[in-house]
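Below is one structure, written out as structure tokens; the observations come after it.
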Amino acid sequence: MNKEKLVTPTNGHKLNGFSIEDIGDDHLFTSLETPMKKDAFKISDEEKKERISILFEEIMDVLGLDLTDDSLKGTPKRVAKMYVEEIFSGLNPANKPEIALFDNKYQYNQMLVEKDITFYSNCEHHFVPIIGKAHVAYISSGKVIGLSKLNRIVQYYAKRPQVQERLTNQIGEDLKQILNTEDVAVIIDAKHLCVSSRGVKDDTSATVTTFYSGQFTNPQKISELQNYLKQ
């Protein structure tokens, strides 16, 4: 059987015998940063929507759909608008939420946990949904963040083509920088439609990824966090 060109990750080690299609069913990611072209923002969002609309119309045409049908003729523009303004809006740094920090005047020095943050993302290998919940915790180093901002940070990184491992790490590393603390934890529990609706078609499995930093690398802190999540 002919194999496609082998993919070489950034560490230089070839994935022996695995094709691009094989890798597409795995959770491979090449870096913490979302892979982006250097000129990704050379054209405006309006131009992107126009070009995506034209290209998606071509995809529909190739599939044999009748684009003169009243139900379908507006679909290319709707999809383009959805891609740019909604489900992939996290690709644009201009959409990153503005974060204000406040002094920890309550002197609350225990972990703060925001659990069950619902998010919708898309698998970068097949562009189908990832649906899950994120649990975020941190221990203040003197500053605190508005609770809604934790949700917004999760949503910002989720709204782009993603791999769950990268999503988890991006949220954790950004919170460390924003809060100026090493004491951050992120747990993501998600279902991947690329697993449940195609390929192996397993509708019962879920994927859990974690990011533990600072005090959260201590088994006692991890146990304490898990107890909060069970409540």
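All figures in this text were calculated on a predicted structure; none of them were measured in a lab. Computed over heavy atoms, backbone and side chain alike; hydrogens, waters and symmetry mates excluded. One is the number of the first residue; the rest follow in order along the sequence.
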* Decide yes or no for Gln162 and Gln170: does some side-chain heavy atom of the first lie under 4.5 Å from some side-chain heavy atom of the second? => yes

* **Evaluation steps, side chain to side chain contact (heavy atoms under 4.5 Å, CB included), between Val144 and Tyr106** => CA-CA 10 Å; Val144 294; Tyr106 294 110; over 6 Å; no

* **Linked, directly or transitively: Ile131 and Val154 (ILVMFWY side chains, under 4.5 Å)** => no

* Give a yes or no on whether the backbone of Leu67 and the side-chain of Glu57 come within a donor-acceptor separation of less than 3.5 Å. => no

* **Presence of salt bridge, Glu33 and Arg166, under 4.0 angstrom** => no

* Structure fact -> Of all heavy-atom pairs linking Pro161 and Phe88, the shortest is CD-CD2, 3.4 Å

* Between Gln164 and Ser121, is a side-chain hydrogen bond (donor to acceptor under 3.5 Å, both in side chains) present by the stated rule, with each step listed? -> CA-CA 9 Å; Gln164 186 172 328; Ser121 189; over 6 Å; no

Tell me which donor-acceptor pairs under 3.5 Å the side chains of residues 224-231 have, and how far apart each pair is, sequence neighbours excluded?
from, atom 1, to, atom 2, distance (Å)
Glu224, OE1, Lys221, NZ, 3.4
Asn227, ND2, Ser223, O, 3.3

* Say whether, by atom type as modelled, one donor and one acceptor occur between the side chain of Thr181 and the main chain of Ile139 under 3.5 angstrom. => yes

* Asked: Under 4.5 Å between any side-chain heavy atoms of Asn218 and Tyr212, yes or no?
  -> no

* Between Gln107 and Ser140, is any side-chain donor less than 3.5 angstrom from a side-chain acceptor? -> no

* To do: Report yes or no: does Arg160 contribute a side-chain atom to a donor-acceptor pair with the main-chain N or O of Gly90 at less than 3.5 Å?
  => yes

* Within the distance-only criterion (no hydrogens, no angle test), does the side chain of Lys191 pair as donor or acceptor with the backbone N or O of Ser205 below 3.5 angstrom? -> yes

* Answer yes or no: is there a side-chain heavy-atom contact under 4.5 Å between Thr75 and Met60? => yes

* Between Lys77 and Ser53, does any side-chain donor sit less than 3.5 Å from a side-chain acceptor? -> no

* More than 12 foreign heavy atoms under 6.0 Å from OH of Tyr120: is that the case here? -> no

* Asked: What about Val186 and Ile130, same hydrophobic cluster or not, with Ile/Leu/Val/Met/Phe/Trp/Tyr joined at side-chain heavy-atom distances under 4.5 Å?
  -> yes

* Closest non-hydrogen atom pair between Ala137 and Val113, with its separation -> CB-CG2, 4.0 Å

* To do: Side-chain contact test, heavy atoms from C-beta onward, threshold under 4.5 Å: evaluate it for Asn122 versus Pro129 and give yes or no.
  => yes

* Asked: Are the side chain of Asp103 and the backbone of Lys105 linked by a donor-acceptor contact shorter than 3.5 Å?
  -> no

* Asked: Would you say Ile99 and Ile117 are hydrophobically clustered, going by side-chain heavy atoms of ILVMFWY under 4.5 Å?
  -> yes

* Asked: Between CG of Asp174 and OH of Tyr157, what distance do you get to the nearest 0.5 Å?
  -> 3.0 Å

* To do: Measure from the side-chain N and O atoms of Ser89 to the backbone N and O of Val84, and report whether any donor-acceptor pair falls under 3.5 Å.
  => no

* Does CZ belonging to Arg51 count more than 12 external heavy atoms closer than 6.0 Å? -> no

* Side chains of Val136 and Leu175: does their closest heavy-atom pair fall under 4.5 Å? -> yes

* Asked: If we only count heavy atoms from C-beta on, is the Tyr108 to Gln110 side-chain gap below 4.5 Å?
  -> yes

* In terms of side-chain geometry, is the basic nitrogen of Lys176 or Asp183 positioned less than 4.0 Å from the acidic oxygen of its partner? -> no

* Would you please say whether a donor-acceptor pair under 3.5 Å links the side chains of Thr209 and Glu165? => no

* Closest heavy-atom pair and its distance - Phe41, Leu91 -> CZ-O, 3.1 Å

* To do: Kindly indicate, with the supporting measurements, whether the criterion ring pair (Phe, Tyr, Trp, His ring centres under 6.0 Å) is fulfilled by Tyr156 and Phe119.
  => CA-CA 10 Å; Tyr156 171 69; Phe119 71 87; over 10 Å; no

* To do: Please report the closest heavy-atom contact between Ile52 and Tyr83, naming both atoms and the distance.
  => CG2-CD2, 4.0 Å

* Which distance, rounded to the nearest 0.5 Å, do you find between the CG of Leu72 and the CG of Asp61? -> 11.5 Å

* With a 3.5 Å cut-off and no angle check, do the side chains of His135 and Glu114 form a donor-acceptor pair? -> no

* Using the test side chain to side chain contact (heavy atoms under 4.5 Å, CB included), find all partners of Asp189 that sit at least two apart in sequence or belong to another chain. => Ala206, Val208

* Give a yes or no on this: more than 12 heavy atoms of other residues, nucleotides or ligands lie within 6.0 Å of atom NZ of Lys143. => yes

* Contact summary for Glu173 and Leu32, nearest pair of heavy atoms -> CG-CD2, 4.0 Å

* Should Glu86 and Lys159 count as an ion pair when the cut-off is N to O under 4.0 Å? -> no

* To do: Quick one: do Lys96 and Arg152 satisfy side chain to side chain contact (heavy atoms under 4.5 Å, CB included)? Show the steps, please.
  => CA-CA 8 Å; Lys96 187 171 184 179; Arg152 292 183 185 280; over 6 Å; no

* To do: Please check if the side chain of Ser213 supplies one atom and the backbone of Glu182 the other of a donor-acceptor pair under 3.5 Å.
  => yes

* Structure fact -> Taken to the nearest 0.5 Å, the spacing of Lys49 NZ from Glu85 CD works out to 3.5 Å

* Asked: Are Ile178 and Phe211 joined in one hydrophobic group, where the rule is that I, L, V, M, F, W and Y side chains link up if heavy atoms are under 4.5 Å apart?
  -> yes

* Asked: Distance-only, no hydrogens or angles: does the Glu47 side chain make a donor-acceptor pair with backbone N or O of Ser44 under 3.5 Å?
  -> yes

* Test item: Ile145 and Leu150 side chains (from C-beta on) under 4.5 Å apart, heavy atoms -> yes

* **same_hphob_cluster(Met111, Phe102) at 4.5 Å side-chain heavy-atom cutoff** => no

* Asked: Heavy atoms, side chains only, cut-off 4.5 Å: are Leu167 and Ile188 in contact?
  -> yes

